[in-house]
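Every heavy atom of this structure was used, including side-chain atoms; hydrogens, water molecules and symmetry mates were not. By convention in this document, chain letters (A, B, ...) are assigned in the order of the sequence lines, proteins followed by strands, and residues within each chain are numbered from 1.
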Number of protein chains: 2
Amino acid sequence: MYDELKYWYLRDHKLFLTLNMSQIKQLCIISGFKTAKKGEVIYFSSSDLPRIYLLKKGNIKIVSVDEEGNETIKEIIQKGDLFGELSLENDGDVNEYAKVLTDEVSICSFLLSDFEDLLVRNPSLALSYTKFVGLKMKRFKNNYSNLVSKDARTRLISFIKDWAEREGIQEGKKYTISNYLTQTDIAQIICTSRQTATLLLNELEEKNLIYYNRKEITIEDISKL
Amino acid sequence: MYDELKYWYLRDHKLFLTLNMSQIKQLCIISGFKTAKKGEVIYFSSSDLPRIYLLKKGNIKIVSVDEEGNETIKEIIQKGDLFGELSLENDGDVNEYAKVLTDEVSICSFLLSDFEDLLVRNPSLALSYTKFVGLKMKRFKNNYSNLVSKDARTRLISFIKDWAEREGIQEGKKYTISNYLTQTDIAQIICTSRQTATLLLNELEEKNLIYYNRKEITIEDISKL
DNA sequence: CTCCGTTTGTAAACTACCCGACAATTCTTT
DNA sequence: AAAGAATTGTCGGGTAGTTTACAAACGGAG
């Protein structure tokens, strides 16, 4: 029964569609499963054996810390996303951790070495996986160029739009997002100070473009944003 | 003879070490080879069939252009590096091109589809390639965080250090780089305005940390930089 | 219901960097 | 050698965004 559960979790991830039943079962045997609560840190680069994680429920943030203790949010991980040592190599120098944002999350994980074995034995999975990593990279590049050429307001707006389209509930032009981020989080994502983020959010609210509170964000008309 | 040349070019790239002779020959048959001169544009995303390129001689820059025509240098490609549709998927929306920086470059290329075939038939190559893409991503993330938390001066210094270590000629603590970049290029790489880059470079020179001219850059003592 | 930690709101001083404008220098071409 | 093009140097004015600092509001724990 418990194994069945894990099986199911992997099965419905798009990356594993190319695998047949027995291959999935094989990966399931080696996979671990756990849940965690809000605020917990569930992953630390440069600790333990390198692993790949699959988030099944909830949301987490990947935070990286530089030498001076500066924290930036690298990524928001959602249900169905992979995270961890995705580049298949544990990098000593990069320091990052994953923190739970929602009330509860469930994740399953497997050792990097086991995953590598599977990739070698399944070339087409390796190919899909490479494309997957490539896609991640592309998304990064995109953020990167936003940071360079756009101002904080534009970055905030495009983040909100993105968020809404990704996991908001749509009713015509109206989107409702269940908000698990603080304004500090949002500021760190769009790379600005908390004060600027607050200012801009209130500004958008004054113009009736969005309605913001701690529980949810409503976008009246996404085309006007 | 000509085929032999191409064979050699692929053979000495670290990524292709796992392939045996016949596999390399196979890739060689499908690979194209050409040279180009300074200023030429040799690659354009969203044109032609998607390809992967291997730079054999010289240097090129990958420039991306956003909607407003803003140009940023994404990457400097050096001898031995791969570029092109590395993520194995041609992205319609991203607009980038490659321009030759040195007097002459020679490159070889192969179709993405052919490369994919090869990957599927060579699982260990697929794995190496995935790690390779992962590494690229990591380097990106690093630049990205520099952009966020460091000021222009720090970014310039870390770029120069990087450059020196990557391709400078070392004599003790002294490094000499053959300079194929204009100050405008450098500015675009570290994401600042040309004026600021000029200012900072002159400042470093006044402090005798570097000696700069159009042909070469000398770092007196890299540990003091 | 009250208390306390977290999150949000607001204001003023300060600054790194951008932008425009123009001059000076160096390389290229003829 | 001279003209033209590209690159580099320099100067203020303007500003988006940071930083510091404090007050207000919210929300969970007891």
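Put simply, A:Q195 has no side-chain N or O that comes within less than 4.0 Å of OP1 or OP2 on C:dA11. Contact annotation: B:N202 side-chain N/O to D:dT10 OP1/OP2 distance is under 4.0 Å. The phosphate of D:dA6 (OP1 or OP2) has no side-chain N or O of B:T182 nearer than 4.0 angstrom.
Here C:dC27 presents its P atom at 7 Å from NZ of B:K215, a figure rounded to the nearest Å. Here C:dA21 presents its P atom at 14 Å from CZ of B:R194, a figure rounded to the nearest Å. Rounded to an integer number of Å, the gap from CG of B:L204 to C1' of D:dG9 is 15 Å. Atoms CG (B:N213) and C1' (D:dG9) sit 15 Å apart, rounded to a whole Å. With rounding to whole Å, A:D151 atom CG is found 21 Å from C:dA16 atom P. Rounding to whole angstrom units, CD1 of residue B:I190 and P of C:dA16 are separated by 16 Å. Atom pair B:L199:CG and C:dG20:P shows a separation of 18 Å (rounding to whole Å applied). Atom-to-atom, CG of B:L147 to P of D:dG17 comes out at 14 Å; the value is rounded to the nearest Å.
Residue A:S193 is classed as a base contact, given a heavy-atom separation below 4.0 Å to a base. Across all strands shown, A:T196 has heavy atoms under 4.0 Å from base atoms, whether or not it also approaches the sugar-phosphate.
Of the candidates A:K34, A:K37, A:K38, A:K37 is the only one forming a salt bridge (Lys or Arg N to Asp or Glu O under 4.0 Å) with A:E104.
Looking at A:K174 and A:D221, no side-chain N of the basic residue comes within less than 4.0 Å of a carboxylate O on the acidic one, giving no salt bridge. A salt bridge links A:E75 with A:K136; the closest basic N to acidic carboxylate O contact falls under 4.0 Å.
Taking the six-membered ring where the residue is Trp, A:Y180 and A:W163 present perpendicular rings, their angle passing 60° and hence far from 30°. Between B:F140 and A:Y144, the two ring planes are perpendicular [angle over 60°; tilted spans 30° to 60°].
Distance from the side chain of A:T198 is smallest to C:dT10 among C:dT7, C:dT10, D:dG9. Minimum atom distance to the side chain of A:R214 is reached by C:dT8, of the listed D:dT7, C:dA16, C:dT8. The B:A152 side chain lies nearest to C:dC17 when the options are C:dC17, D:dT8, C:dT8.
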